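Everything below concerns the one structure shown next.
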Amino acid sequence: MAHSIHPLTAVVREIVDIFTRMCFSIADGPELEDSWHNFDALNIPKDHPARDMQDTFWLPDGRVMRTHTSPVQVRWMETHQPPIRIIAPGKVYRNEATDMTHEAQFYQVEGLVIDETTSLANLKGTLQQFFTEFFGGAVEVRLRPSYFAFTEPSVEVDMRLIGDNVPKKMQGRWIEIMGAGMVNPKVLNTVGIDSRKYQGFAFGAGRERLA
């Protein structure tokens with residue numbers, strides 16, 4: 001009997017393959033996290049809405065089902081010194097009512113690059129190369145100002161397909177595809193990386209949106 005691969009499995013395999021060719025390592029971590037790795041180390045304040053019960057599955061012992069794969073980045077930075085180039089694909093959890101566009105359990109892929117000369121231009125170039133390979137054609141990328149506690153500056157990343165072979169409904173259409181930014185120096189210092197010497201960028205997207 002023939003077996004077909006689930007679309008999300010096929011997507012993550014392709015993502016991993018592309019970033020591996022771009023010299024990224026693949027990082028993994030626990031889905032059951034402590035609040036320090038999930039929130040505190042990422043510069044998310046105690047009163048931040050992301051900690052509220054409607055967004056987070058809290059356990060009686062104070063641990064959480066991770067709300068993003070960013071704790072994987074924190075754990076990697078605790079045990080590795082720059083240069084760092086990783087992606088962290090994995091399952092995450094949010095305490096949300098399920099509907100057509102929301103689910104309590106879904107998948108993310110996040111990336112992290114830290115070096116002495118890393119810049120927003122490197123971020124844009126990295127994403128442009130990934131999107132070009134992933135979508136199999138020419139891609140434009142634009143960055144819009146945004147806010148995330150663990151990046152400064154923070155950006156929303158939009159992309160659009162360009163060229164003669166773009167499906168009609170996608171022609172000229174910008175799609176918001178992920179959040180990103182330069183790693184907040186507070187985060188680097190918290191995990192023992194000297195922010196006076198090193199800087200980095202991070203990005204994150206839902207696997208379902210990429211699919």
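In what follows, residues are counted from 1 in the order of the sequence shown. Remember, it's a predicted structure, so these values are computed and weren't measured experimentally. Side chains are part of it too, since the values below use all heavy atoms of this structure and drop only hydrogens, waters and symmetry mates.
- To the nearest 0.5 angstrom, I87 atom CD1 is 8.0 Å from F130 atom CZ.
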Tell me, with the steps shown, if N38 and S35 meet side-chain hydrogen bond (donor to acceptor under 3.5 Å, both in side chains). CA-CA 5 Å; N38 197 80; S35 61; over 6 Å; no
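- Tested against M77, the residues T190, V72, V187 include a single side-chain contact (heavy atoms from CB on, under 4.5 Å) partner, V187.
- In this structure, CZ in R75 is found 12.5 Å from CD1 in I86, a value given to the nearest 0.5 Å.
- A donor-acceptor pair under 3.5 Å links the side-chain atoms of E110 to the main chain of S70, judged by distance alone.
- The CD atom of E133 sits 4.5 Å away from atom CZ of R21, with the distance rounded to the nearest 0.5 Å.
- Residue T118 holds its OG1 atom at 6.0 Å from CE of M182, rounded to the nearest 0.5 Å.
- Nearest approach of V139 to Q128, heavy atoms of both residues: O-NE2, 2.7 Å.
- Remark: F106 CZ to R94 CZ distance equals 4.0 Å, nearest 0.5 Å.
- A donor-acceptor pair is defined here as one N or O able to donate and one able to accept, closer than 3.5 Å; no such pair exists between the side chain of Q199 and the backbone of S119.
- The heavy-atom pair separating P82 from I193 by the smallest distance is CG-CG2, 3.9 Å.
- Atom CZ of R196 is surrounded by 12 or fewer heavy atoms from other residues, nucleotides or ligands within 6.0 Å.
- Looking only at side-chain heavy atoms (C-beta outward), L143 and V157 come within less than 4.5 Å of each other.
- Note: Y93 and F57 have perpendicular aromatic rings, judged against thresholds of 30 and 60 degrees for the angle between ring planes.
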Let's go through E152 and K186 carefully: what are the C-alpha distance in whole Å and the side-chain angles of both, what is the deciding distance for salt bridge (Lys or Arg N to Asp or Glu O under 4.0 Å) to 0.1 Å, and is it a yes or a no? CA-CA 10 Å; E152 178 58 43; K186 293 180 181 179; over 6 Å; no
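- When atom types are taken as modelled, the side chain of Q108 and the backbone of T69 share a donor-acceptor pair closer than 3.5 angstrom.
- Counting all heavy atoms, side chain and backbone alike, A10 lies closest to I5 at N-CG2, 3.7 Å.
- For the pair V12 and L8, the minimum side-chain heavy-atom distance is 4.5 Å or more.
- By the neighbour-count criterion of 12 heavy atoms within 6.0 Å, atom CZ of R144 is densely surrounded, having more than that number from other residues, nucleotides or ligands.
- In this structure, the side chain of E31 does not engage the main chain of R66 through any donor-acceptor pair within 3.5 Å.
- I44 and V92 fall into different hydrophobic clusters, where Ile, Leu, Val, Met, Phe, Trp and Tyr are joined by side-chain heavy atoms under 4.5 Å apart, directly or via other members.
- The two residues Q81 and G192 come nearest to each other via the heavy atoms NE2-O, 3.8 Å.
- Between the side chain of D158 and the backbone N or O of R142, no donor-acceptor pair lies under 3.5 Å.
- You'll find the side chain of V113 reaches within 4.5 Å of the side chain of F24, heavy atoms only.
- With hydrogens and angles left out, the side-chain atoms of D17 and T20 include no donor and acceptor closer than 3.5 Å.
- Within a 6.0 Å radius of CZ in R173, other residues, nucleotides and ligands contribute 12 heavy atoms or fewer.
- The closest side-chain heavy-atom distance from D40 to K46 is below 4.5 Å.
- Of the possible polar contacts, one joining the D34 side chain to the H37 backbone as a donor-acceptor pair under 3.5 Å is found.
- I162 and M159 fall into different hydrophobic clusters, where Ile, Leu, Val, Met, Phe, Trp and Tyr residues are linked whenever their side-chain heavy atoms come under 4.5 Å apart, directly or through other members.
- Between F39 and T56 there is a side-chain heavy-atom pair separated by less than 4.5 Å.
- For an aromatic pair to be called close, the ring centres must be under 6.0 Å apart, and F203 with F131 fails this.
- The side-chain heavy atoms of M178 and L127, taken from C-beta on, include a pair separated by under 4.5 Å.
- Just one residue in the list T126, V183, T151 forms a side-chain contact (heavy atoms from CB on, under 4.5 Å) with F201, and that residue is T126.
- Proximity of L42 to F148: side-chain heavy atoms (C-beta onward) are nowhere separated by under 4.5 Å.
- Using a 4.5 Å cut-off on side-chain heavy atoms (C-beta onward), F19 and R85 make no contact.
- Atom-to-atom distance recorded for L161:CG and F135:CZ is 6.5 Å, nearest 0.5 angstrom.
- Both F150 and I84 are part of a single hydrophobic cluster, where members link through side-chain heavy atoms under 4.5 Å apart.
- Side-chain polar atoms of D55 and T67 form no donor-acceptor pair below 3.5 angstrom.
- Under the 4.5 Å side-chain heavy-atom criterion for ILVMFWY residues, a single connected hydrophobic cluster contains both V141 and I15.
- The shortest heavy-atom contact between F134 and L210 is CE2-O, 3.6 Å.
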Are M65 and Q105 close enough, and set up right, to give a side chain to side chain contact (heavy atoms under 4.5 Å, CB included), and what steps lead you there? CA-CA 10 Å; M65 300 303 294; Q105 171 190 297; over 6 Å; no
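- Nearest heavy-atom pair across A202 and Q73 is CB-OE1, 3.9 Å.
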